[in-house]
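Read through the structure below, which is laid out as structure tokens, and then see the notes.
Convention: sequence-line order gives letters A, B, ...; per-chain numbering from 1.
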Amino acid sequence: MKKRENILETKFPSLSRNESLARSLVSAFIMQSDPTVSELSDIKCAVSEAVTNSIVHGYKEQSGTIYMRIESSSDRIIKIEIRDKGCGIENIETAMQPLYTSDPEGERSGMGFTVMETFCDKVRVVSKKGKGTKVVLIKKLSPKEL
Amino acid sequence: MMEFDYSQGSLVVYIRGDIDHHTAKKIREEADMLLVQLAPEKLILDLNDVSFMDSSGLGLVLGRYKKAKAAGIDFLVTNCDRRIIQIFEMAGIERIISIEERITNK
Ligand SMILES: Nc1ncnc2c1ncn2[C@@H]1O[C@H](COP(=O)(O)OP(=O)(O)OP(=O)(O)O)[C@@H](O)[C@H]1O
Ligand SMILES: [Mg+2]
């Protein structure tokens with residue numbers, strides 16, 4: 001049976017400078033589980049993508065609040081939820097296609113979801129138009145060497 | 001953060017620190033200003049001192065590539081680490097842009 005080991009719940013305003021803050025918080029939390037360098041980089045990058053999406057798309061660079069929850073469990077599974085109460089995604093399947101972006105003018109490449117999926121074991125997106133978006137990132141850390 | 005070197009028509013832009021949506025805006029503005037001011041024949045983005053990059057870096061690189069191409073300027077990205085290359089490859093941009101991996105003596 002897996003046991004919950006630790007949780008961090010936080011919220012912060014949708015300011016672009018909080019992209020690096022979110023990465024730092026996540027890495028400080030994950031460090032407790034002694035990840036490999038590459039696992040840590042994977043998670044930081046995926047979190048950066050989700051938080052940036054909330055700022056850029058969810059809240060359209062206007063003010064809003066981003067909620068982040070990180071949970072580690074005894075089976076070395078890290079679960080990270082990033083949630084906004086922004087505009088929501090009309091068609092999640094389309095949004096998750098590589099190279100799809102609703103904002104080509106803004107020099108976006110449409111690769112955020114692809115990056116999240118490549119660097120995590122599982123990515124779940126729940127969204128409702130006009131209500132907001134929740135992205136759940138699951139990462140399994142490799143077993144600790146004794 | 002960035003620094004640059006210009007000599008004999010080549011502009012090398014050294015990007016330092018994190019490339020994310022927050023920092024990309026300033027890097028883009030500064031790089032584009034240099035392109036206008038110096039009108040180089042060649043633009044090289046050096047990513048040796050980049051400590052973090054997400055998909056915002058793809059947008060930044062692609063955007064500079066398009067600008068350079070439209071102005072007839074050669075474009076090259078150098079000193080990329082494995083992880084940065086991996087992100088470039090996800091988008092397939094190494095097929096259209098010259099990208100050089102960082103050579104480390106390890
Ligand atoms: N939190 C969100 N709220 C509303 N729309 C979103 C959200 N996250 C993603 N989207 C939609 O999904 C699309 C794809 O997101 P993705 O991160 O893959 O690409 P991007 O953000 O457009 O570009 P990039 O991440 O490469 O800079 C976005 O263009 C946007 O339309
Ligand atoms: Mg994105």
Side-chain angles (χ1 to χ4, degrees), chain A residues 12-24 26-27 36-61 66 82 95-120 137, chain B residues 1 13 15-33 35 43 45 47 50-70 75 77 80-97 99 102 104 106:
Chain A
F12 46 84
S14 57
L15 303 170
S16 63
R17 73 170 91 108
N18 287 336
E19 292 154 12
S20 63
L21 179 71
R23 294 197 295 274
S24 302
V26 167
S27 63
T36 65
V37 174
S38 105
E39 286 165 347
L40 186 65
S41 303
D42 290 350
I43 294 170
K44 275 169 69 180
C45 199
V47 165
S48 195
E49 295 295 350
V51 170
T52 302
N53 279 351
S54 290
I55 294 171
V56 174
H57 305 296
Y59 293 121
K60 307 207 183 308
E61 315 243 12
I66 295 170
I82 289 142
M96 291 183 80
Q97 298 284 328
L99 302 174
Y100 171 82
T101 179
S102 54
D103 179 26
E105 300 298 301
E107 287 202 351
R108 315 230 58 91
S109 63
M111 290 300 291
F113 278 125
T114 308
V115 168
M116 290 183 243
E117 289 186 310
T118 307
F119 288 151
C120 295
L137 306 168
Chain B
M1 259 249 297
V13 172
I15 303 177
R16 310 217 192 278
D18 292 358
I19 306 180
D20 61 12
H21 156 252
H22 180 68
T23 61
K25 185 168 177 269
K26 194 151 176 256
I27 298 169
R28 182 201 318 153
E29 284 168 2
E30 289 182 15
D32 288 355
M33 205 166 71
L35 275 185
L43 170 63
L45 291 186
L47 305 189
V50 171
S51 41
F52 171 85
M53 187 186 100
D54 64 16
S55 67
S56 301
L58 283 170
L60 180 77
V61 167
L62 269 170
R64 304 297 68 66
Y65 163 75
K66 285 181 190 157
K67 277 237 151 97
K69 194 173 175 222
F75 184 74
V77 187
C80 306
D81 69 18
R82 262 324 306 169
R83 177 159 288 268
I84 291 178
I85 301 248
Q86 191 187 355
I87 293 173
F88 285 151
E89 284 175 350
M90 279 179 213
I93 69 173
E94 81 289 354
R95 289 186 301 236
I96 52 165
I97 299 180
I99 289 173
R102 178 197 300 166
T104 45
K106 204 175 73 175

(message) Looking at B/Glu29, I'd like to know if its CD atom is crowded, meaning that more than 12 non-hydrogen atoms belonging to other residues, nucleotides or ligands lie closer than 6.0 Å.
(response) yes

(request) Please state whether the side chain, the backbone, both or neither of A/Leu15 comes within less than 4.5 Å of a heavy atom of chain B. (result) neither

(request) Begin with the C-alpha distance, continue with both residues' side-chain angles, and end with the deciding distance and a verdict on salt bridge (charged side-chain N to carboxylate O under 4.0 Å, His left out) for B/Lys25 and A/Glu107. (result) CA-CA 10 Å; B/Lys25 185 168 177 269; A/Glu107 287 202 351; over 6 Å; no

(message) For the interface with chain B, which of A/Leu99, A/Asp42, A/Val51 has the highest count of heavy-atom pairs at distances below 4.5 Å?
(response) A/Asp42

(request) Go through the atoms of A/Asn18 and report whether side chain, backbone, both or neither lie under 4.5 Å from a heavy atom of chain B. (result) neither

(request) Measure distances from A/Val56 to the heavy atoms of chain B and classify the residue's part below 4.5 Å as side chain, backbone, both or neither. (result) side chain

(request) Kindly indicate whether the side chain of B/Ile85, heavy atoms from C-beta on, has any atom under 4.5 Å from the side chain of B/Glu94. (result) no

(message) On a heavy-atom basis, which atom in A/Ser14 and which in A/Tyr59 lie closest, and how many Å separate them?
(response) CB-CD1, 3.6 Å

(message) Which heavy atom of B/Asp32 sits nearest to which heavy atom of B/Lys67, and what is that distance?
(response) OD2-NZ, 3.1 Å

(message) Report which part of B/Arg28 has an atom under 4.5 Å of a heavy atom belonging to chain A: side chain, backbone, both, or neither.
(response) side chain

(request) Using non-hydrogen atoms and a 4.5 Å limit, figure out which bit of A/Thr52 sits close to chain B: side chain, backbone, both or neither. (result) side chain

(request) Identify the heavy atoms of B/Asp81 and B/Ile84 that sit nearest to each other, and give their distance. (result) OD1-N, 2.9 Å

(message) Under a 4.5 Å cutoff for heavy-atom pairs, which residue among A/Gly106, A/Ser38, A/Ser20, A/Ser41 has the most contacts with chain B?
(response) A/Ser41

(message) With a 4.5 angstrom heavy-atom cut-off, is it the side chain or the backbone of B/Asp18 that approaches chain A, or both, or neither?
(response) side chain

(message) For a quick check under 3.5 Å, do B/Asp54 and B/Ser56 share a side-chain donor-acceptor pair by atom type?
(response) yes

(request) Counting only heavy atoms closer than 4.5 Å, note whether A/Glu117 contacts chain B via side chain, backbone, both or neither. (result) neither

